[in-house]
Amino acid sequence: MKRFTTILALLLAVVAQSASAQTLKAVKDRGMLNCGANGSLAGFGLPDAQGKWTGLDVDFCRAIAAAVLNDAEKVKYVPLSAKDRFTALQSGEVDVLARNTTWTSSRDTSLGLNFTGVNYYDGQGFMVRKSLKVNSALELNGASVCVQQGTTTELNLADYFGANKMQLKTVTFASSNEAVKAYDAGRCDAYTTDASALYAERLRVATPDDHIILPEIISKEPLGPAVRHGDDQWFDIVKWTLFAMMNAEELNISTKNLDEALKSTNPEIKRFVGTEGNFGEQLGLTKEWAVRIVKQVGNYGESFERNVGLGSPLKIERGLNKLWTKGGIQYAPPIR
Amino acid sequence: MSTDLPASARPAPVIFYNDPRVRSIAYQVALCAVVAFLVYGAASNAIENLARARIASGFGFWDQIAGFDISQTLIEYSSRGSTYGRAFWVGLLNTLLVAGIGIVFATILGFAIGISRLSSNWLLAKVAGCYVELIRNLPLLLQLLFWYNAVLKTLPDIRDSISIGWGIFLNNRGLFLPTPIFKHGFGGAEIALFVGIAGGVAYRIWARRQQERTGRQAPVLWVTLALVIGLPLATFIVSGAPLSFEFPQAGRFNITGGSEVLPEFVALLFGLSVYTAAFIAEVVRAGILAVSRGQTEAAFSLGLRPGPTLRLIVVPQAMRVIIPPLTSQYLNLTKNSSLAVAIGYPDLVQVFTGTVLNQTGQAVEVVAITMLVYLVISLVTSLLMNVYNSRMALRER
């Protein structure tokens with residue numbers, strides 16, 4: 001009944017929530033950003049033994065806190081399961097949901113969310129035991145597949161097997177922990193989730209080298225942060241926090257050379273650091289909003305490398321997530 | 001003769017606001033008004049909030065295609081062709097299945113342990129005592145995870161399945177059984193089964209009457225067994241055994257064909273039955289202790305052996321004490337089955353309040369439906385148990 005009571009509590013929050021939708025004011029009054037995070041996915045959201053959170057999504061929440069509260073540490077992370085995450089955002093328990101969430105049309109509309117961009121272009125893959133001698137997902141006819149509940153993965157899986165006229169036995173778990181454990185115990189032939197997460201989950205099975213990730217990517221999974229409908233100002237702030245991190249990388253502004261950037265005469269950089277124009281005030285923040293993000297968290301590329309890229313245990317190639325100037329598809333609108 | 005007092009000596013009529021009847025009605029009306037206002041306020045606030053956030057509401061999702069798979073379906077279901085409504089029924093039936101079988105198991109186990117705890121056999125009584133103290137003091141969720149891992153870890157991988165014979169396989173994907181296929185002519189055996197059951201019931205009634213009349217006991221058990229099992233079996237053989245089996249076959253990944261019992265189901269059933277049985281055992285023990293010792297002594301002095309004494313004298317009287325708390329244990333078991341979500345068994349909460357809620361985002365509707373369903377299941381269970389209780393109640397003759 002625990003989950004049930006959680007949902008019930010969230011539901012009461014929906015019912016009791018006041019009419020006000022002033023998220024920015026609420027966050028400032030509270031002095032703390034409530035961030036809906038993953039909690040069990042290395043590279044995206046995971047607390048370490050000291051309770052310090054790290055990850056690409058965690059960095060994103062820290063960037064919002066830096067921009068709004070001038071302190072990247074003022075974030076309260078709320079670990080959410082895939083299943084309960086939307087209810088938590090709808091009910092106001094969190095201000096922003098940064099939990100490797102796929103942007104889909106129904107979530108963007110009828111679930112009452114607004115996606116603020118894509119901070120990781122991903123796709124769904126499969127992990128299997130090497131001993132099965134499977135080289136392609138198309139050879140999985142008749143397999144049992146473990147999957148986490150409340151994800152697009154769960155739906156794509158049924159689509160993919162249906163479209164390829166293959167038989168499938170799905171075993172669904174409420175958390176990725178349980179799903180991976182069951183897969184590791186031999187309950188399923190394959191485990192499926194977003195490819196980035198597969199690399200992280202592979203590190204958690206008993207003998208990672210006995211498992212391979214199949215080459216097929218069976219879906220588009222644009223992962224991004226989301227906010228509630230009905231507060232355009234907050235939507236803008238969260239959206240532009242992401243764009244600021246990407247623009248910083250494009251303009252070559254990083255934690256290392258920020259001081260030089262402050263003295264730059266390049267008009268694009270001057271607009272970014274706030275020595276020209278009042279773009280921060282237009283957002284409802286102050287001039288140096290973007291400087292605070294880079295100073296306390298870093299640009300998008302730094303965050304990527306540190307959490308999921310070659311500087312991390314996951315060692316994922318940037319691929320599609322390179323900037324558009326470097327052959328990827330990450331592209332942020334300009335600040336002006 | 002008149003006993004009327006003179007008008008002046010009558011107590012003065014009470015002022016209406018001091019009249020206890022008026023007061024109590026006024027308080028109740030006020031309370032109802034406050035509750036109604038709170039409900040109205042909450043409902044209208046929720047509707048307004050949902051509309052402002054442009055979150056979908058209403059029950060339109062019921063007929064939309066679900067698009068996800070469910071591992072155990074008692075009715076026809078497919079991810080591409082079935083609706084959220086269908087998924088709801090699949091989940092509900094899975095809940096009822098595990099709750100129904102769990103209640104039967106827990107009752108049998110609970111009675112056995114409750115009676116054992118009162119046994120004069122020292123070892124048996126202590127073992128039963130340990131069972132109760134251990135099981136009822138550990139959280140159920142922990143026990144479920146334990147059973148699930150016990151099932152998964154102890155059973156072999158699918159490629160090293162244990163073959164029990166008759167086409168039965170056991171491995172960490174579940175228990176695979178041959179599926180019976182009924183051919184033409186099997187109807188005869190079915191009819192014989194019903195005739196056998198009816199005959200068994202009739203024979204029991206006759207045997208009871210005969211015992212009340214003459215004191216002679218008839219071999220009820222053997223005759224009933226012969227009627228219920230022997231008669232259909234004989235008919236089945238005479239009509240040429242019109243039955244074949246579809247045997248499970250080892251495929252590349254899984255065993256296909258035949259029927260399958262999921263390890264999640266077994267772990268949940270086991271966990272719920274074992275846990276609830278500990279509570280039922282205590283209920284049974286309390287019920288038996290509530291029957292006066294004199295009843296047993298009286299039965300012994302009439303020459304009854306301990307078995308019949310328990311069955312005919314003690315248990316029927318103990319049932320009057322046992323049934324009401326037993327009902328709440330049944331309700332607990334049904335509601336606890338929602339912990340299925342932790343071990344991947346697709347019950348109502350996992351399928352409907354889990355995946356369907358997440359896909360549609362309509363928490364208010366989905367949770368309301370789920371609460372209503374549990375309420376209905378619980379009320380029906382209580383109703384049945386109350387009917388049974390009133391039949392068992394002490395009747396004065």
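So that the names make sense, note that chain A is the first sequence line, chain B the second, and so on, each numbered from 1. Bear in mind the structure is a predicted one, so any value in this text is a computation, not a measurement.
- For B/Q350, the parts lying under 4.5 angstrom from a heavy atom of chain A are both the backbone and the side chain.
- Cation-pi geometry between A/K181 and A/Y183 is not satisfied (NZ or CZ under 6.0 Å from the ring centre, within 45° of the ring normal).
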* Dump the intermediate steps for salt bridge (Lys or Arg N to Asp or Glu O under 4.0 Å) on A/D95 and A/R30, then the final yes or no. => CA-CA 11 Å; A/D95 302 313; A/R30 208 189 297 133; 2.8 Å; yes
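- Taking the six-membered ring where the residue is Trp, A/F126 and A/Y160 present tilted rings, their angle falling between 30° and 60°.
- Between the side chains of B/T360 and B/Q362, no donor N or O sits under 3.5 Å from an acceptor N or O.
- Contacts of A/A82 with chain B are made by backbone atoms alone, with heavy-atom separations under 4.5 Å and no side-chain atom involved.
- Heavy atoms closer than 4.5 Å to chain B are found in the backbone of A/C188, but not in its side chain.
- In this structure, chain A has heavy atoms under 4.5 Å from both the backbone and the side chain of B/R54.
- Ranked by heavy-atom pairs shorter than 4.5 Å toward chain B, the options A/K169, A/R107, A/E178, A/Q167 are led by A/K169.
- Comparing A/L168, A/L113, A/L140, A/V171 by heavy-atom pairs within less than 4.5 Å of chain B, the highest count is held by A/L140.
- Both the backbone and the side chain of A/V134 have a heavy atom closer than 4.5 Å to some heavy atom of chain B.
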* Asked: When you look at B/E260 and B/R173, which way does the salt bridge (Lys or Arg N to Asp or Glu O under 4.0 Å) test go after all the steps?
  -> CA-CA 9 Å; B/E260 185 183 354; B/R173 303 276 168 89; over 6 Å; no
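- Looking at B/I343, the atoms closer than 4.5 Å to chain A (heavy atoms on both sides) all sit in the backbone: N, CA, C or O.
- Interface residue B/S71: backbone and side-chain heavy atoms are both found under 4.5 Å from chain A.
- For the set A/S106, A/C146, A/G142, the count of heavy-atom pairs under 4.5 angstrom toward chain B peaks at A/G142.
- B/Y148 has its ring centre no less than 6.0 Å from the ring centre of B/Y345.
- Judged purely by distance below 3.5 Å, without hydrogens or angles, the side chains of A/Q124 and A/T192 pair a donor atom with an acceptor atom.
- Checked by atom type, the side-chain pair B/S337/B/D347 shows no donor-acceptor distance below 3.5 Å.
- Counting heavy-atom pairs under 4.5 Å between each of A/T170, A/L111, A/D189 and chain B puts A/D189 at the top.
- For the pair B/D69 and A/L157, the minimum side-chain heavy-atom distance is 4.5 Å or more.
- For A/T109, the part lying under 4.5 angstrom from a heavy atom of chain B is the backbone only.
- Residue B/A340 does not touch chain A at all, counting heavy-atom pairs closer than 4.5 Å.
- Both the backbone and the side chain of A/F173 come within contact range of chain B, with heavy atoms under 4.5 Å apart.
- A/E139 touches chain B through backbone and side chain together, each having a heavy atom under 4.5 Å away.
- Using cut-offs of 30° and 60° on the angle between ring planes, the pair B/W62 and B/F352 is perpendicular.
- For the options A/G112, A/A185, A/A158, A/S110, heavy-atom pairs under 4.5 Å to chain B are most numerous at A/S110.
- With a threshold of 4.5 angstrom between heavy atoms, A/T152 does not approach chain B through any atom at all.
- Only the backbone of A/N141 comes within less than 4.5 Å of a heavy atom in chain B; its side chain stays farther off.
- Considering every non-hydrogen atom in both A/R187 and A/S144, the closest pair reads O-CB, 4.1 Å.
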